[in-house]
Amino acid sequence: MTTDPAAGNPESPVEYALAGGEPQRVGWFRFYFADERWEWSPQVERMHGYEPGTAHPTTELVLSHKHPEDYGQVAATLLEIRRTSGAFSTRHRIIDVAGAVRHVVVVGDQLFDDAGAIIGTHGFYVDVSPTITQVREDAVTEVVAEIAEARGVIEQAKGMLMLIYRINADAAFELLKWRSQETNTKLRLLAEQLAIDFLELDYTETLPSRAVLDRLLLTTHQRVSREV
């Protein structure tokens, strides 16, 4: 079943303070195989330099924004996705309409129709370009104690994402809070479940395949207990 991402907000002052408002460095995409139709969230449009609602992405447009040194890698990944219909992740550079270079991590998984047939891929972009960290203090003072209690598990989940996707702490936090808001799941609960999911994986000296880790991240919210 194809489902629009839920634009949910954190449910408590703590969640809002931790999430820091609407994330701008993470956004979703969909790619339908049959007609090579793309859909971008407003955040992904902005990453490419477009005002929300003005971009009409096609495969040609998507590839035109790839950095020349990364074009071959992305084009090959796209061909492999069409061939295998599998999950994927890639880290590369894009060039926006103003000529600025952005570093992005893109993760995708299988997109199904109502009959269970694979019709495309969907997932998210994370802009991991170096930026000045924005410190948000709104609504924090009255919930400092509660935030401190929740921060430990969030830091644990961040560390796991930093290792898996080779991103910095800021980008890992942006990814966590975006998943929280897209799935209308409390940030602390999402981080707790993600840590549980990763720690329950069966591995010894090497991590499981990236596809396994990508799928866990994209589906963690489905295993969160909503009654907590």
Side-chain angles (χ1 to χ4, degrees), residues 5 20 22-33 36-111 120-134 158-179 181-182 207 209-218:
E22 181 184 0
Q24 297 299 319
R25 297 177 61 192
V26 185
W28 57 265
F29 76 93
R30 299 190 195 93
F31 174 48
Y32 298 89
F33 295 149
E36 296 209 0
R37 178 165 52 90
W38 291 80
E39 295 176 356
W40 281 349
S41 72
Q43 291 88 350
V44 175
E45 287 186 278
R46 290 192 183 98
M47 287 180 202
H48 289 79
Y50 300 99
E51 287 300 312
T54 63
H56 303 286
T58 62
T59 299
E60 182 180 4
L61 179 68
V62 169
L63 289 175
S64 73
H65 280 282
K66 305 308 177 185
H67 190 284
E69 295 178 4
D70 298 336
Y71 181 97
Q73 166 205 337
V74 178
T77 299
L78 193 55
L79 287 173
E80 184 69 6
I81 295 166
R82 291 196 192 96
R83 186 180 68 83
T84 65
S85 301
F88 75 95
S89 61
T90 178
R91 182 181 180 126
H92 60 271
R93 290 162 291 178
I94 61 175
I95 302 176
D96 67 19
V97 294
V101 176
R102 294 177 181 265
H103 297 251
V104 297
V105 171
V106 182
V107 177
D109 197 4
Q110 296 168 330
L111 179 63
T121 183
H122 68 151
F124 56 86
Y125 278 69
V126 187
D127 185 347
V128 294
S129 305
T131 61
I132 298 175
T133 303
Q134 295 182 337
K158 280 171 52 181
M160 292 174 171
L161 293 174
M162 290 167 67
L163 172 65
I164 291 167
Y165 293 111
R166 296 185 298 116
I167 57 181
N168 63 26
D170 289 341
F173 186 54
E174 290 283 351
L175 180 51
L176 271 178
K177 71 180 184 180
W178 176 75
R179 292 303 298 158
Q181 293 179 339
E182 285 289 292
L207 287 171
S209 71
R210 178 64 65 80
V212 171
L213 299 170
D214 294 342
R215 185 157 295 154
L216 278 182
L217 175 60
L218 290 169

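For the atom pair CD of Q73 and OG1 of T90, the computed distance is 3.5 Å after rounding to the nearest 0.5 Å. The CG atom of L161 lies 5.5 Å from the CG atom of L175; values are rounded to the nearest 0.5 Å. To the nearest 0.5 Å, atom CD of residue E45 and atom CZ of residue F29 are 14.5 Å apart. Rounding to the nearest 0.5 Å gives a distance of 11.5 Å between NE2 of H103 and CG of N168. Interatomic distance, F173 CZ to I167 CD1, rounded to the nearest 0.5 Å: 12.5 Å. The CZ atom of R37 sits 10.5 Å away from the CZ atom of F31 when rounded to the nearest 0.5 Å.
For the pair W178/V126, no side-chain contact is recorded, criterion being any heavy-atom separation below 4.5 Å from C-beta on. Looking at I95 and V101, their side chains come closer than 4.5 Å, going by heavy atoms from C-beta outward.
Applying the salt bridge (Lys or Arg N to Asp or Glu O under 4.0 Å) definition to pairs two or more places apart or across chains, those involving residues 100-111 are D96-R102, R102-D127, D109-R215. Applying the salt bridge (Lys or Arg N to Asp or Glu O under 4.0 Å) test to pairs two or more places apart or on separate chains, those with a residue in residues 73-87 are E36-R82, E80-R83. Pairs engaging residues 63-88 under the ring pair (Phe, Tyr, Trp, His ring centres under 6.0 Å) rule: H48-H65, Y50-H65 [sequence neighbours left out].
For the pair R91 (side chain) and R166 (backbone), a donor-acceptor distance under 3.5 Å is present. In this structure a side-chain-to-backbone donor-acceptor pair under 3.5 Å is missing from E39 to R30. Put simply, the side chain of R46 never gets that close to the backbone of P52: no donor and acceptor are under 3.5 Å apart.
For the pair F33 and T121, the tightest heavy-atom approach, listed with the atom from each and the gap, is CZ-N, 4.2 Å. Shortest non-hydrogen contact noted between S89 and V107 is CB-CG2, 3.8 Å. In this structure, V62 and K66 approach most closely via the heavy-atom pair O-CE, 3.4 Å. Of all heavy-atom pairs between G27 and S41, the closest is CA-OG, 3.4 Å. When every heavy atom of H56 is checked against every heavy atom of T54, the shortest pair comes out as CD2-O, 3.5 Å. The two residues D170 and R25 have their closest heavy-atom pair at CB-NH1, 4.0 Å.
Residues forming a salt bridge (charged side-chain N to carboxylate O under 4.0 Å, His left out) with E69 (at least two apart in sequence, or on another chain): R93. Every residue meeting the side-chain hydrogen bond (donor to acceptor under 3.5 Å, both in side chains) condition with W38, not counting sequence neighbours, appears here in chain and number order: T59. Applying the salt bridge (charged side-chain N to carboxylate O under 4.0 Å, His left out) rule to D214 yields no partners; only residues at least two apart in sequence or on another chain are considered.
E60 and T58 are not linked by any side-chain donor-acceptor pair at a separation below 3.5 angstrom, with hydrogens and angles left out of the test.
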*asked:* One pair to check against side chain to side chain contact (heavy atoms under 4.5 Å, CB included): Y165 and L217. What are the steps and the verdict?
replied: CA-CA 11 Å; Y165 293 111; L217 175 60; 3.7 Å; yes

